[in-house]
Each structure stands twice: as C-alpha cells, then as structure tokens.
Amino acid sequence: MRKYFIYILSALILSPTLMADSFSLSFSQNMTNNLFQNRFAEKDQLSTFSFYLDKNLSRLSLYAEGSYSYLFENPNLTYYVQDAGMDYLHPLNEKSAFYFSLDGRGAFYRSDYSDFNYLSANFFAAFKSYLSQTSIFKSNYSFEYKNYRDSVYDFLSHALMVSFDRYFQTNTTFKGEIDWGYKSFLHPYIYEGEVPIEGHRYFMGGRGRGYSNKQDQKPYQTITQTEAQGIQVFSLSGLIAQGLGNTIGLNLSGMKQWVLSGQNPFFFIEEFYAVENPSYDRFSWDGYQIGSQLTFLVPWNIQLKLGYTLSKKEFPGIESLDLEGNPLGLTRKDNRNQIEVRTEKNFPQFSVFLSYSYISNSSNDLYFDWNGHFFSLGIEWNIPLGARQ
Amino acid sequence: MTLFIVFLIVILPSFGQQALHFYNVDQEIRVEGKIQKITMEPRYKDSSPFLILILEQKNTKKLFQVEISPVWSFDYDFHKGEHLMVIGSLYSSEGMGQNIIAREVQFRGETLVLRDEHGFPNWRGGKGQMRRKGKGKGKRY
C-alpha cells in the first residue's frame, strides 16, 4: 500500500499533465508536560513536518498529504501518516450541490506503537442547500474502514449528519444538528485469565494490560477473539453564533450524546496527546459537552481565539480501577475543563500560529485524574504551482 | 534522493510562471458591506461552480458580485444580511456589473485567506475543507 502512495505522489508531482496546482510545507513544534494524559505526567516535545499538494482536473481534485512526527523523549512513538485521495463536486442548481471524496490513509509508527499501524479507506458524501438566503440545510454520510497491524482494532464505521441553520438580522445564527454513528469492531476479544507482563506503557489502550506505571506493574488479562461487536451512538447539538461587526464573533455550543447499543469492547481505554488511539473516539462515550469561543481580529490582522469547553463523559463497558489496578465496580466517568488560546497571523507566502491549552480532567478512575499544559507553534509555507484563476 | 532531485528539476522551472491571468493585483480593493444574495455559479471553464455573494457596500450602497471559492468550501456558511469585509481584485464585465475576486474575507472575527497575494487559490480538496493555515495536526485531546 505504501508503494502505491509513492506512485500516486510521484505521478502528481512529476507528470507534466498532472503538475500539481498547489504545494505547501508546514512545520509545527508541540510541547506538553503530559504526553500520555494521566496522573503520572510525562513531558515530551513533538516536531511535525508536513506537505500537501493537489491537482484540479475539471471538477475532480486529486490531493496528497504526508506528515512526519518525531517525539523527542519517546522516539519509539515517532510516526508518519500519508493521505491520498480525490474529491468531486456535483452542482444540482444554483442553491444546492453534492460533494464526494474518497481517501486512503496509512499510518506507520515506530516500534512502541507499531500494533496501531493501519491502512484505511474513507468515503465521504455531503449535500448542502440554501433553503432560503438565510437558512442552510446540510447533510453528510461518511464511511471508514481501518485495518490495523493488530487486528483487534479493525473496524468499519458509518456516520450520518443532518444540520439546519437560520440567520437573523440581529447578526445571530442558530444551528441544530443530529448525528448518528455505527462502529463495528470486526475482531474484538474477550478476557480470560491473568498473565503478568513487563512494564510497557504504550499498548495499554485496548488490550487490558492494566496500569503500567513503572513503580506499579500490574497483571493483564489474556484475550481471545469473538464475533464482531457494534456500537451505535446518537447525538443532538446546538450552536448560537453572534457576530459583533466583522471583527468579533462569539459562539456558544452544546452537544449531548447517547450510546444506543453496544459498548466499548476494550478493558482499558486512554488518549494520548497528538497520537491517535483507536480505543478512544466518539464511539467510546456517552454524555455531554458545552463550549464557548470568542474570536477577535486585533490590529495587524492578527486572529485571536479564546475557547472554553466543559465535558462530562461516561464510558460504557469500561470499569474504573484503583491505583493498584483493582476493579472498583464503577463505570468510568470523566469531567473535563479545557481552555484554549490561539493566535494566528497570515503573511503573503506563509502563516504562523501559536496556541496554548490547559486541560483539567477529573475521573473516578484516579489514573485519569490529570491536568496538562499544551503548547504549539507552527509555520506553513505555500507554493502555488498551477494557474491563477 | 534521486526522487528529490527529479522533483526539483521538474518543479523549479514552474516558479514564477505566469498562468492565465484573471486576478489583477493592481486592481485590488477593500469593500465592507452586507450580503444581499448568495448563489453558486460557474465562473471558469472546466472548474467547479463558485460561491458568489452579492455584497452591498456599506456607505455607497453599490452592489458587487464577490467570487469566494468553488463551493466545495462547505465549511463556511454565509447568509443574507451578514456583514463582511472583502479584499480582492476588481473587474467589470458586461451584464454582470462590478465583480470582485476575493482574496481575503473577514467576518465574525475570523479571516478566511482564499488566495495568496498574487491571486493563486488557497482552497484544497478533502472533505470540502478550506486550507486551515497553520493548524496543528493530529491533536487528540
């Protein structure tokens, strides 16, 4: 598969008839004091180099994007992600259009996370229509298939979204959204007996190895394959956006999600900063999230964003453990507060950004009672190659 | 390494190349006003239709047709009555009045950079997304 990505990239860049229309390079430096987002905070820095290129062929667009991320303290978690795809727009009339995209992705991690190497295929179809000049209807469907090196994580997912918004002359927009999703783990496992392990923290997600704090090794449980297992979620979201002239915007949003059927097949789930973990995603929780965001345009055309998010999540099928790894007989519940500040400035050929986040997560599983600081600094350089239109 | 050298040989001659020239940097203007109408129209041969905003200038009440981008920029939703500030290249065409090819749009405290300073498009493929300049990738928290 990696070989095909290289062929596609070479064709996009080198063929005279497929000369890319645009090409961009970006670099970002990220720092955190809590890479693994748990109570045993560990600092790390992550450098990410990316490229993007595309080619438009009438209404069809081909694109490719690659991203290499290096972790300084945990170099064995370093990874490369490659995307390549195409999209197509089909206008229905002057107020409505369909959009389709087909995308392939490969993620390749170094040794500590190589079980999570995957190849995926994504299909996305969207419809957007102006019902009137002040209200928009949107709908989309997405399909994803991921094939992991460790097949326990393989899944298929489907998601449907419908939204409707209405703008009022007070410069206020109200938006409502309904989402439904279904994820099917193709080869989940069940737990059987306990086997002690050597301390190795990166594989905890999904394999039930218990806490791997170096001072506190715990046994994990062996696993065997079972039938496919599905999780069905449904959510309702609302948003109020208020514009205050061109230079200030305020958003308030809320989202409530329910798990309609199924539950996480994993014994243990977690999230890492900047590194994807297949056991922790929108299908893993039930609960709500509310947020607000203030955006400003300050002098010299600098964008400034301030955001706050509060979430309360329960993780069906995931049992909380004490710090020794003993089950507490409770379903894991997390409450999270997050603030984020981001500033961005666009120059003629490049743009720079700086962002900071603080997260405080409280959980009835004390291992996930944590807080962390996250800094990012980045630059993107754009190189136009195609025709100006 | 070989691939990189071939890449340079092929790519470098294209820098500074003048393609068909629609965006005239000498005709750049800045207009602030209110959206009066939204439509999707084909603007260029063999290209996706563009999102077109009819903008009424704040003080003069003059109307401009503002070309935003191909409608695959599904991320941003404009509505009639919203206030915008547009920087772009002005051109006149018979039967279509005053037109602006937008390079930058400011609204609700955000700036959308649609083209670079020379007018080269900044939009991109993949789930209908406009290029989010400088956005950090892969954050999972």
Side-chain angles (χ1 to χ4, degrees), chain A residues 13-14 19 28 30 37 48 50 54 58-59 61 63 67 85 87 89 91 94 97 99 101 103 124 126 128 130 133-134 136 165 167 169 241 243 245-249 271-276 295-297 301 303 344 346 348-349 351-353 355 359 376 378 380 382 384-389, chain B residues 3 6-7 10-11 14-15 17 19-23 32 35 37-44 46-49 70-72 74 77 79-85 104 106-111 113 115-122 124-128 131 133-141:
Chain A
I13 296 171
L14 300 175
M19 176 69 82
S28 66
N30 309 280
Q37 302 190 185
T48 300
S50 307
D54 67 16
S58 186
R59 288 174 183 169
S61 167
Y63 58 88
S67 179
D87 59 9
L89 183 82
E94 64 172 26
Y99 168 86
S101 77
D103 186 273
F124 180 78
K128 180 175 181 176
Y130 276 89
Q133 292 290 310
T134 54
I136 300 171
D165 77 16
Y167 175 81
Q169 294 306 315
N246 300 331
T247 53
I248 302 176
E271 53 183 338
F272 300 156
Y273 170 67
V275 181
E276 184 176 354
T295 54
F296 300 92
L297 279 173
N301 202 12
Q303 293 184 70
E344 183 175 331
N346 295 306
Q349 284 296 336
S351 60
V352 291
F353 77 91
S355 74
I359 300 175
S376 290
E380 181 171 317
N382 302 304
L385 301 172
R388 211 182 310 187
Q389 59 175 12
Chain B
L3 187 64
V6 175
F7 167 81
V10 175
I11 291 296
S14 71
F15 286 98
Q17 195 176 324
L20 291 174
H21 194 232
F22 296 98
Y23 191 98
E32 198 171 337
I35 299 172
K37 193 181 172 190
I38 300 153
T39 183
M40 298 176 201
E41 291 176 9
R43 283 287 160 124
Y44 302 95
D46 292 332
S47 173
S48 295
V71 289
W72 63 54
F74 271 41
D77 298 328
H79 304 87
K80 180 183 177 182
E82 278 189 301
H83 294 269
L84 292 185
M85 198 284 287
E104 193 174 303
Q106 291 178 6
F107 76 125
R108 284 191 235 130
E110 286 196 75
T111 300
V113 182
R115 296 167 182 268
D116 72 6
E117 59 173 349
H118 304 294
F120 286 100
N122 231 357
R124 63 184 280 179
K127 294 200 176 178
R131 176 175 298 153
K133 284 188 164 186
K135 189 170 184 176
K137 292 180 173 65
K139 289 182 185 173
R140 306 295 296 182
Y141 55 74

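Quick note: numbers below take in every heavy atom, side chains included, and nothing from hydrogens, waters or symmetry partners. Proteins get letters first, then strands, A, B, ... in listed order; numbering begins at 1 in each. Only a predicted model underlies this, so the values are computations on that prediction, with no experimental measurement involved.
- The CE atom of B:Met40 lies 8.0 Å from the CG atom of A:Leu89; values are rounded to the nearest 0.5 Å.
- Heavy atoms of B:Leu84 lying under 4.5 Å from chain A belong exclusively to its backbone.
- To the nearest 0.5 angstrom, B:Arg108 atom CZ is 12.5 Å from A:Leu297 atom CG.
- Contact annotation for A:Tyr130: only side-chain heavy atoms (C-beta onward) come within less than 4.5 Å of a heavy atom of chain B.
- Residues B:Glu41 and B:Pro49 have side chains not in contact (no heavy-atom distance under 4.5 Å, counting atoms from C-beta outward).
- For the options B:Lys37, B:His83, B:Glu82, heavy-atom pairs under 4.5 Å to chain A are most numerous at B:Glu82.
- Checking side-chain atoms of A:Gln303 against main-chain N and O of A:Thr295 turns up no donor-acceptor pair under 3.5 Å.
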